[in-house]
> 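Starting off with a structure, shown below.
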Amino acid sequence: MKILGIETSCDETAAAICVNGEIISSNLSSQEIHNKFGGVIPELASREHEKVLNLIVHKTLQDANYRLSDLDGIAVTQGPGLSGALITGCSFSKGIAFGLNIPIIGINHLEAHIFANFLADPSLLFPFVCLLVSGGHTQIWKVNNFGDYELLGETRDDAAGEAFDKGARILGLGYPGGPEIEKLAKNGNPKSVNFPRALLDSNNLEFSFSGLKTSLLYFVESDKNTKIEDIAASYQFAIIDVLVQKLNLAVQDTGFQSCVIAGGVAANSFLREYIEKKIPDKKIIFPDLKYCTDNAAMIAFLGEKYLKKGIKTNIGFSIMPNMRIA
Ligand code: KG4
Ligand code: ZN
């Protein structure tokens with residue numbers, strides 16, 4: 001099957017084509033317009049998607065040497081995400097599906113993040129544990145099979161990516177904050193400041209990052225001696241220490257042999273090293289760096305899986321800004 005995937009849930013406009021489980025072309029345009037605001041401005045995001053989506057889709061078809069008429073189906077992010085941003089991608093995709101009379105499937109962006117791990121390791125087998133860490137979500141999933149998922153725990157407040165973004169803003173760094181903090185942290189001492197690790201002594205798989213952000217704010221206001229590299233490294237360590245300890249708990253509880261990491265924070269090199277060190281006896285899989293943050297390859301890949309099973313969405317579907325994994 002030749003499936004076109006489209007992703008416009010936040011500030012990345014992306015298209016990709018998947019053919020029998022393989023990504024044969026993938027393009028993406030990151031909206032830099034938000035950088036100066038320190039976060040995504042929803043109205044601007046929708047307008048930017050509308051401006052570039054046609055170009056990105058055409059480039060993706062060109063790279064694959066396909067015409068629109070070669071496509072067998074369309075997969076598009078239905079949610080979660082920003083309403084206006086989702087509407088641009090879904091309306092565009094419905095137009096193509098209607099015009100070509102081909103099936104369309106609305107994809108859950110979070111489920112697609114999990115499945116990006118099959119692009120990194122096609123031999124990955126169910127069941128596995130997934131740590132899903134993005135800008136809006138921090139969750140641990142028990143992934144029993146395709147379509148059979150159990151939520152083991154999630155954050156009570158901020159997501160891990162959000163903690164990076166808000167921390168970066170406090171430190172006067174750019175957006176998105178994760179890569180900025182990671183860069184500085186490479187030259188800092190992670191044990192320099194002992195930032196709090198919430199809910200670690202509770203034996204559950206819930207997270208809380210809002211207190212950490214506040215404690216960074218108080219620290220920065222009261223301390224003028226610690227190097228910013230040391231603060232960044234310590235702050236990053238506090239987020240990642242909690243993620244990895246909770247993940248370890250989930251892996252031990254389930255007894256599963258494999259665990260996968262998904263979402264933008266999975267790009268973090270300290271997280272990658274620390275997991276390998278702390279959970280050495282399990283198979284750990286990370287998506288390729290280009291498929292950690294938002295992309296359309298994961299949408300096309302998951303879309304093809306559904307469409308191959310004959311599962312499609314009625315073309316009258318609505319966007320779901322708060323869509324959850326069923
Ligand atoms: O998955 P994603 O691209 O978008 C959402 O679905 O939310 O995740 C974006 C989040 C942002 O909060 C960003 O700061 C974080 O992922 N991120 C990182 C890194 N790269 C992106 N966090 C830590 N280290 C990174 N290298
Ligand atoms: Zn995402």
Side-chain angles (χ1 to χ4, degrees), residues 5-14 16 28-32 34-35 38-40 42 45 76-82 85-86 89 107-117 130-139 154-155 158-171 173-186 188 190 207 209 212-213 232-233 235-244 260-275 286-299 301-302 320-325:
I6 291 182
E7 156 63 35
T8 63
S9 65
C10 191
D11 57 344
E12 240 78 56
T13 314
L28 176 147
S29 163
S30 290
Q31 302 179 353
E32 302 200 339
H34 308 287
N35 297 8
V40 178
V76 60
T77 304
Q78 185 178 6
L82 302 169
L86 291 167
I107 293 289
N108 183 316
H109 176 91
L110 301 173
E111 187 184 2
H113 268 303
I114 299 175
F115 275 75
N117 283 283
C130 174
L131 172 67
L132 175 61
V133 270
S134 69
H137 295 81
T138 295
Q139 298 175 326
E154 65 183 327
T155 184
D158 292 350
E162 197 177 353
F164 273 105
D165 295 335
K166 288 179 174 170
R169 203 176 314 159
I170 292 170
L171 293 173
L173 307 172
Y175 175 87
E180 298 280 322
I181 289 186
E182 179 184 0
K183 222 187 302 163
L184 272 184
K186 288 211 158 94
F207 301 86
F209 292 109
L212 171 63
K213 166 197 69 194
Y235 185 75
Q236 172 177 267
F237 187 30
I239 297 172
I240 282 169
D241 197 13
V242 176
L243 292 178
V244 176
V260 313
I261 320 300
V265 180
N268 188 280
S269 57
F270 184 77
L271 172 69
R272 289 173 176 242
E273 286 159 25
Y274 200 62
I275 289 187
F286 291 90
D288 286 354
L289 282 184
K290 62 178 183 293
Y291 298 148
C292 285
T293 44
D294 292 348
N295 65 86
M298 64 185 192
I299 306 298
F301 179 79
L302 182 58
M320 295 176 73
N322 299 315
M323 194 174 194
R324 290 186 64 93
I325 296 179

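Counting from 1, the numbers follow the sequence of the chain as shown. It should be emphasised that the depicted structure is a prediction, and the values quoted were computed from it without experimental measurement. Counting starts at 1 for both ligands and their atoms, following the listed order. Quick note: numbers below take in every heavy atom, side chains included, and nothing from hydrogens, waters or symmetry partners.
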> Side chain, backbone, both or neither: which part of H113 comes within less than 4.0 Å of ligand 1 when only heavy atoms are counted?
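Within the 4.0 Å criterion, H113 contacts ligand 1 through side-chain atoms alone.
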> Who gets closest to atom 24 (N) of ligand 1 by heavy atom: L110, N268, I239?
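Heavy atom nearest to atom 24 (N) of ligand 1 belongs to N268.
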> Taking V76 as the fixed residue, which of L86, I6, T8, I107 is the one that meets the side chain to side chain contact (heavy atoms under 4.5 Å, CB included) rule?
I6
> Considering only protein heavy atoms, which is closest to atom 13 (C) of ligand 1, and at what distance to one decimal place?
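Nearest neighbour among protein heavy atoms for atom 13 (C) of ligand 1, to 0.1 Å: D165 OD1, 3.7 Å.
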> Hey, is the main chain of A160 close enough, under 3.5 Å, to the side chain of T138 for a donor-acceptor pair?
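Yes.
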> For ligand 1, is Q236 a contact, meaning one of its heavy atoms is under 4.0 Å away?
no
> If we only count N/O pairs under 3.5 Å, is P176 in contact with ligand 1?
no
> So among T77, T13, L28, which one has a side chain to side chain contact (heavy atoms under 4.5 Å, CB included) with E7?
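That would be T77.
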> Can you check which of G167, G264, A266, A159 brings a heavy atom nearest to atom 16 (O) of ligand 1?
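Selected option, by shortest heavy-atom distance: G264.
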> Looking only at non-hydrogen atoms, find the nearest pair between M298 and A116 and report the distance.
CB-CB, 4.1 Å
> Looking at L173, I239, D158, V133, which hits side chain to side chain contact (heavy atoms under 4.5 Å, CB included) with F164?
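When side chain to side chain contact (heavy atoms under 4.5 Å, CB included) is applied between F164 and each of L173, I239, D158, V133, only I239 qualifies.
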> For atom 6 (O) of ligand 1, grab the closest protein heavy atom and report residue, atom and distance to one decimal in Å.
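So the nearest neighbour among protein heavy atoms is H109 NE2, 3.1 Å.
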> Just jot down the ligand 1 atoms closer than 4.0 angstrom to any heavy atom of G136, in number order.
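Once the distances to G136 are compared, the set is 7 (O).
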> If I apply the N/O under 3.5 Å rule, does G161 come out as touching ligand 1?
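Yes - when backbone and side-chain N and O of G161 are compared with those of ligand 1, one distance drops under 3.5 Å.
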> Heavy atom of C10 under 4.0 Å from ligand 1?
no
> With atoms numbered from 1 as shown, which atoms in ligand 1 lie under 4.0 angstrom from a non-hydrogen atom of G177?
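Every atom of ligand 1 under 4.0 Å from some heavy atom of G177: 14 (O).
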> With heavy atoms only and a cut-off of under 4.0 Å, state how H137 meets ligand 1: side chain, backbone, both or neither.
neither
> Return the residue, atom name and 0.1 Å-rounded distance of the protein heavy atom closest to atom 26 (N) of ligand 1.
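Checked against all protein heavy atoms, atom 26 (N) of ligand 1 sits closest to E182 OE1, 2.6 Å.
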> Please state whether the rings of F301 and F115 are parallel, tilted or perpendicular, taking 30° and 60° as the class boundaries.
tilted
> Return the set of protein N, O or S atoms whose distance to the Zn ion (ligand 2) is under 2.8 Å, each given as residue and atom.
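Those protein N, O or S atoms (cut-off: under 2.8 Å from the Zn ion (ligand 2)) are H109 NE2, H113 NE2, D294 OD1.
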> With only distance considered, is T293 within less than 3.5 Å of ligand 1 through an N or O on each side?
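Such a contact does not occur with ligand 1.
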> Nearest to atom 7 (O) of ligand 1, what protein heavy atom do you find, and at what distance?
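It is G135 N, 2.8 Å.
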> To check your reading of the model: name the closest protein heavy atom to atom 3 (O) of ligand 1, its residue, and the distance in Å.
D294 N, 3.1 Å
> For I261 and A266, work out which heavy atoms get closest and say how close.
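Minimum heavy-atom separation between I261 and A266: CG2-CB, 3.7 Å.
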> Tell me, please, which residues at least two apart from P80 pass side chain to side chain contact (heavy atoms under 4.5 Å, CB included).
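Partners of P80 under the side chain to side chain contact (heavy atoms under 4.5 Å, CB included) test: N108, H109, L110, H137, M323.
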> Look only at the side chain of N117 and the backbone of I114, and say whether a donor-acceptor pair between them is shorter than 3.5 Å.
yes
> With a 4.5 Å cut-off on side-chain heavy atoms, are K186 and F270 touching?
no
> So, for A163 and F209, which heavy atoms are closest and what is the spacing to 0.1 Å?
CB-CB, 3.9 Å
> Examine the side chains of S30 and E32 and answer whether a donor and an acceptor come within less than 3.5 Å of each other.
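There is no such pair (donor and acceptor under 3.5 Å, judged by atom type) between the side chains of S30 and E32.
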> Mind listing the closest non-hydrogen atom pair of C292 and P287 along with its distance?
SG-O, 3.6 Å
> Nearest to atom 22 (N) of ligand 1, what protein heavy atom do you find, and at what distance?
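Its nearest protein heavy-atom neighbour is G178 CA, 3.3 Å.
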> Identify the two heavy atoms, one from Y291 and one from A297, that lie closest to each other, and give their separation to 0.1 Å.
CE2-CB, 3.4 Å
